[in-house]
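To keep things clear, I will list the structure first and then write my remarks on it.
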Amino acid sequence: MTVFIIRRLLQAIVVVFLMSLIVFFGVNVIGDPVDMLINPEADQAEIERTIRALGLDKPIHEQYLFFLKGVASGDFGKSFIFGEPALKLILHHMPATIELALVSLVMAIVLGIPLGLYAGLFPDQRISRAIMAGSILGFSLPTFWVGLMMIMLFAVYLGWLPSTGRGDMAEFLGIRSSLWTRDGLSHLFMPALNLALTNISLVIRLTRAGVREAMHQDYIKFARAKGLTTRRVVGVHLMKNILIPIVTVLGLEFGNLLAFSVVTETIFAWPGMGKLLIDSLLQLDRPVVVAYLMIIVLFFVIINLVVDILYSVLDPRVRLRDQGT
Amino acid sequence: MKSIRHSLAILAASTLISAPALADELTIALASEPTAMDPHFHNLGPNNAMSRHIFDRLILQNEKQQLMPGLATEWGPIDDLTWEFKLRQGVKYHDGSDFNADDIVCSFERAPNVPNSPSSFATYTKGKTVEKVDDHTIHIKTASPYPLMANDVSTIPIVSSEAGCDGTTEAFNNGSATIGTGPFKFVSYSPGDSIIVERNDDYWGDKPIWSKVTFKPIKSGPARVAALLAGDVDMIEGVPTTDITTLAKNADLALSQGVSNRVIYLHLDHDRADSPFVKANGGGAIDNPLRKLEVRQAISRAINRDAIVDRVMEGVAIKAGQLLPEGFFGVSDNLSPVGYDPDGAKELLAKAGVGDGFELTIHGPNDRYINDSKIAEAIGQMLTRIGIKTQVETMPRSVYFKRASRGGPGETPEFSFILVGWGAGSGEASSPLKSLIATHTPDKGWGASNRGRYSNPEVDALVTKALATVDDEDREALLAQATEIAINDAAIIPLHYQVNTWAAKKGLKYIARTDEATLAIGVVKE
């Protein structure tokens, strides 16, 4: 198991390196940020000064080597726009995104699994059909549209929830979060639900498919025949067997929630990493974009690792080792 | 029963009394967020607008960008090379310390020298030496006569010599150095989330009516509108033009509009004989027709400015005939927007020897100015109608501006015919004349945004003379004259002046500013 983890981490380093190479040169090809950063009234000397100050006067490969040297000592460079270390900026925006992603993951599990279970156990009921139809909508409606509609309905017409932003924060167990206040939760609800919609639908469909398939398996029939209660058959025998694909997908989706909640964060003006990424991309703030994507790649690697470990917990038959070795 | 009715009446009465009184707290949604609380870090619109709340300048610009006393009560040249500023007495910083001449000296030193600054104030401090005469008098010297001294000085935020001058940008962001003399005190800064300021009760000028102001950056236009409709914010800036009609009908809201100092214009290649995006019919090479005055005039006449204002801008713009709208310093009285005259345009083309037209590509940004890509499309159609077959290509500003300024070989402008905008930060005509019209001369800092490489010695001479003329009236006449020559020569083709829209809850009004800034002191109760 230790060897497995070490090997995985080594692979991660290679992936992160390649990614930084692609993004660094890619962003450079698009353009340079000087014309957006500088006051239009600035004269040529001032433009030159800014280009030099950002290190953009040097050839691109030199800039990259310089960047690598910094990374080796934990310095991802300073944001062109904010003048602050890119890593610090990202870490500053991370808690808001983690909060959002966690709540939306919990929503996906808490709503998705029971609904999917119901739809799978009683496929012919009208409610089940409604659930399945709803899940199609959840999949196919674009997030930004649903987000705006939610704002129109809950914030503008009904006035139940605040439209944008992050609410009051409080400290609990040493963690500063808006999860601990009423105001914070009311701000969190809509963006989290918006972000969760696709995943709720996904979990519903996965669970339903799993249930439908597993119900005809011999072990379920046998458990029934043994006279176990339905509760135990469904809760233990069935659930354990259908959870593996759900855990896999949710793990990957959690990565997606963390990394690319861009649309939701923009619509709800949520001060998280996704908004930072899109702003940085639009302004070609290369240090932030590169550092961000490197961190995200690390995230995905770690999440996949955790998912693999969870497999072995859920299904003892799964051994942790690389295929083919 | 009677008692219930009685208490209901009291309840109704009490809500009636409390409801109309607006709270003294204000929440404003911003379309673009400042990048730091350090007033000298980034010389750009959103930052400068935000720093106006906390930090004063020696001279302030009012909503029409006219100069008015700030921390200086009087100013003027005492000889050709020296300007004297008398400082306001008895002004205190937010931390209780006194304001004096030392603060000016160190602020002018700090402003151009902030580490990692993406755009510094060097443009305005360059060539000026600040000297303290006594605690409340300073002299600013230049090497040659410099009439724009007051305009330049009005851009530099003054920080405290004790608390601010040695402060890092980080110290300003966390509030320990964010101590000014302005109408508001810093409370908190949470990037991406909110900036909070509270009233400075000891302010030397008109005290703000708002005890606490929260700024929330909401970049997405629809989300900003929704936040206003939901009552989460009291006012928004940058109302999308598509929403203006709907919001104007909403009885719970009030719109405030005002013309800005920003002209949207077309720049054409005056320089290259073989311009990359000008082709003969069928795509062959052609001697750049944009260099002929008749062709430039034809293009100007082919453009239906009324249609652009009415249809594309939904009425929220003013058609332009020169570099700055009426009322600004250095504007010519003899220029008016060119009328729509497609037949006249065709005749002019024939006169220039290109009666059959030619092929042209217009380049423009698609996320910089209000409806920029739609304007470019409209221009393309209008020019095609007179025989100049025009292709439209728009791109994000992150790509566009670099290519438009230095994308070609040898860092020359890449395009032949572009749509751009210019906001005169100084609020007078020398700003666009110097940057857009004057000959591209990097040593002098002229023509930095002259992406058409227009060059006219006559205009250059007038601008040079104007910039050495301290007398306001003479200078104004010289600037107007230079503008007339440039516009009549179609150095650029002005389209319209942008009009900005703010929307607020009913009962609030925003005093629209020509510099497009959103300031809490401009929000008044009606």
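Please read these numbers as outputs of a predicted model, since none were measured by experiment. The chains referred to below are lettered A, B, ... by the order of the sequence lines, with proteins before strands, and numbering in each begins at 1.
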Between [options], which shows the greatest number of heavy-atom pairs under 4.5 Å with chain B?
{"options": "A:G165, A:G147, A:P271", "answer": "A:P271"}
{"options": "A:R49, A:E265, A:R166", "answer": "A:R49"}
{"options": "A:S163, A:G272, A:A96", "answer": "A:S163"}

At a 4.5 Å cut-off on heavy atoms, which part of [X] comes close to chain B: side chain, backbone, both, or neither?
{"X": "A:P40", "answer": "both"}
{"X": "A:I47", "answer": "side chain"}
{"X": "A:F82", "answer": "both"}
{"X": "A:I151", "answer": "side chain"}

Step through the shown structure and confirm whether more than 12 heavy atoms of other residues, nucleotides or ligands are within 6.0 Å of [atom1] on [X].
{"X": "A:F144", "atom1": "CZ", "value": "no"}
{"X": "A:F25", "atom1": "CZ", "value": "yes"}
{"X": "A:Y64", "atom1": "OH", "value": "yes"}
{"X": "B:K216", "atom1": "NZ", "value": "yes"}
{"X": "A:F139", "atom1": "CZ", "value": "yes"}

How far does [atom1] of [X] sit from [atom2] of [Y], to the nearest 0.5 angstrom?
{"X": "B:S220", "Y": "A:L148", "atom1": "OG", "atom2": "CG", "result": "6.5 Å"}
{"X": "A:D279", "Y": "B:T35", "atom1": "CG", "atom2": "OG1", "result": "12.0 Å"}
{"X": "B:L44", "Y": "A:I81", "atom1": "CG", "atom2": "CD1", "result": "10.0 Å"}
{"X": "B:H42", "Y": "A:L37", "atom1": "NE2", "atom2": "CG", "result": "5.0 Å"}
{"X": "B:K219", "Y": "A:I278", "atom1": "NZ", "atom2": "CD1", "result": "10.0 Å"}

Practice problem: For the pair A:V34 and B:K402, evaluate side chain to side chain contact (heavy atoms under 4.5 Å, CB included) and give the outcome as yes or no after the intermediate values. | Solution: CA-CA 8 Å; A:V34 175; B:K402 182 190 179 179; over 6 Å; no

Quiz prompt | Main-chain N/O of B:S120 paired to A:E46 side chain as donor or acceptor, under 3.5 Å | solution = yes

Quiz item: Any donor-acceptor pair under 3.5 Å linking the side chain of B:S119 with the backbone of A:N39?
Solution: yes

What part of [X] gets closer than 4.5 Å to chain A, counting heavy atoms only: side chain, backbone, both or neither?
{"X": "B:Y124", "answer": "side chain"}
{"X": "B:P442", "answer": "both"}
{"X": "B:P112", "answer": "neither"}
{"X": "B:S398", "answer": "both"}
{"X": "B:W422", "answer": "side chain"}
{"X": "B:K126", "answer": "side chain"}

Exercise. Would you tell me whether A:E41 and B:S431 have side-chain atoms, one donor and one acceptor, within less than 3.5 Å of each other?
Key: yes

Look at [options] and state which one has the largest set of heavy-atom pairs under 4.5 Å with chain A.
{"options": "B:G423, B:S117, B:S449", "result": "B:S117"}
{"options": "B:N116, B:V233, B:D367", "result": "B:N116"}
{"options": "B:T123, B:V399, B:N43, B:D38", "result": "B:N43"}

Quiz item: Looking at B:P118 and A:F80, what are the two nearest heavy atoms and their distance?
Solution: CG-O, 3.5 Å

Practice problem: Start with the C-alpha distance between B:N173 and A:E84, add both sets of side-chain angles, then the distance that settles side-chain hydrogen bond (donor to acceptor under 3.5 Å, both in side chains), and finish with yes or no. | Solution: CA-CA 11 Å; B:N173 286 345; A:E84 289 196 35; 3.1 Å; yes

Quiz prompt | Charged N-O contact under 4.0 Å between B:E170 and A:K88 | solution = yes

Quiz item: Taking NZ, NE, NH1 and NH2 as the nitrogens, is one of them in A:D35 or B:R406 under 4.0 Å from a carboxylate oxygen of the other?
Solution: yes

Quiz item: Is there a side-chain contact between A:Q44 and B:T441 (heavy atoms, below 4.5 Å)?
Solution: no

Practice problem: Enumerate by number any residue of residues 221-232 of chain B whose heavy atoms lie under 4.5 Å from heavy atoms of chain A; in the absence of such residues, state 'none'. | Solution: B:P222, B:A223, B:A226, B:A227, B:L229, B:A230, B:D232

